[in-house]
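Numbers restart at 1 for each chain; the letters A, B, ... are given by sequence-line order, proteins then strands. In this text, all values refer to a predicted model and were calculated from it rather than measured experimentally.
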There are 2 protein chains.
Amino acid sequence: MGRVKLAIKRIENNTNRHVTFSKRRNGLIKKAYELSVLCDIDIALLMFSPSRRLCPFSGRHGVEDVLLRYLNMSDNDRGEPIQNREYLISMLQRLKRESDMATQLANPGALNEKIEEIQKEIYACQQQLQISEERLRYKPRPAPFSTLFVRSRP
Amino acid sequence: MGRVKLAIKRIENNTNRHVTFSKRRNGLIKKAYELSVLCDIDIALLMFSPSRRLCPFSGRHGVEDVLLRYLNMSDNDRGEPIQNREYLISMLQRLKRESDMATQLANPGALNEKIEEIQKEIYACQQQLQISEERLRYKPRPAPFSTLFVRSRP
DNA sequence: TTACCTATATATAACGC
DNA sequence: TGCGTTATATATAGGTA
């Protein structure tokens, strides 16, 4: 898109490469943002600029949350097994604790909002699951998940 | 882009939301791919579809590699959790004496662990849900990735 | 790097199968 | 759901300040 059709291969000119990165990075983040809002989904985007700087983006749920969701999937659903999974998870949890603490400091009420948000997710998930299992009733169910979240209730 | 200018807010119609996701997901991945090649950078993109399916993309280096690079940055370079952590922590400790959030803040670790635990349950529930919905679907395969970039080739 | 300015190249919303 | 078509909306290459 531009005065000329650009071939998709590494831009050798140093300045042009940096400039193009700046422009397209913004475009990509905008698109990611729009997708996350329009479709109400979790998304995380990590980029390292040509000058090695981190350019992160995530929707409603923070990079750490999305990465944890990724790591907590079964290897099967994720597609590939992760090597240092446990280590990665603990690292991410540390980061998340730190940023959560910062958030809590800045806005003590955020904690309660967080809890409410999570509970909403649980309810929504439970309802969906119930509906889905309802329709599958005539088939053998994998596992009784409906009893999993009793402890989570207020 | 389209016959009508679309407001950036959650698409409530279920079908439209899914359709829009499919289209924009492909567009976003294509853009991410082009950026990674043109600017020769590391990039990782994780999306969870409205039906909770993982849609991953990464350039030359695989999601796990990018994740590691992210985690291996210094807290400072990563930027997010806040640079003056020492200050915030001491601030936190003082606050816990004064506010009625005291009990919760006194042991943020325990609370966060609780939250992590609950989130794991959510992940598990979502996966279970995906499996159930999978069975209710006709075409379980995600978009054929290999067809995405045909036009980009010289 | 960043901002703004076109001319073009792309993406995509609504529709039809 | 998945595709192709078409009319519009956007993104952006190249240039300039």
Protein-nucleotide distance (B:R25, atom CZ; D:dC3, atom C1'), rounded to Å: 14 Å
Whole-Å distance separating the NE2 atom of A:H18 from the C1' atom of C:dT2: 15 Å
Expressed as a whole number of angstroms, how long is the span from A:K5:NZ to C:dA7:C1'? 16 Å
Using side-chain heavy atoms (C-beta onward) and a distance below 4.5 Å, is B:E116 in contact with A:R97? yes
Both B:L28 and A:T15 contact DNA chain C. Which one's nearest nucleotide lies toward the 5' end? A:T15
How long is the straight-line distance from CG of B:D42 back to CG of B:L68, given to the nearest 0.5 Å? 11.0 Å
Does a side-chain N or O from B:K30 land closer than 4.0 Å to OP1 or OP2 of C:dA11, or not? yes
Starting at CG of A:L38 and ending at C1' of D:dA9, how long is that distance when rounded to a whole Å? 14 Å
Round to a whole Å and report the spacing from CZ of B:R17 to C1' of C:dA14. 18 Å
B:E12 with B:R17: basic N within carboxylate O range, under 4.0 Å: no
So for B:R3 and C:dT12, does any side-chain atom that can act as donor or acceptor lie under 3.5 Å from a complementary atom in the base? no
Over how many whole Å does the gap from B:N13 atom CG to D:dT1 atom P extend? 12 Å
Taking any heavy-atom pair under 4.0 Å as a contact, classify A:S51: base, sugar-phosphate, or nothing. sugar-phosphate
N or O in side chain of A:S22 less than 4.0 angstrom from C:dT2 OP1/OP2: yes
Taking only the C1' atom of each, what is the distance from C:dT1 to D:dT16 in whole angstrom? 15 Å
In whole angstrom, what separates B:N26's CG from C:dA13's P? 12 Å
Check every atom of D:dA13, C:dA13, D:dT12 against the side chain of B:V4 and return the nucleotide holding the closest atom. C:dA13
What is the distance from NZ of B:K23 to P of D:dA9, rounded to the nearest Å? 16 Å
Is it true that the NZ or CZ of A:R53 lies under 6.0 Å from the centre of A:F48's six-membered ring and within 45 degrees of the ring axis? no
Rounded to the nearest 0.5 Å, how far does CG of A:L88 lie from CG of A:L67? 9.5 Å
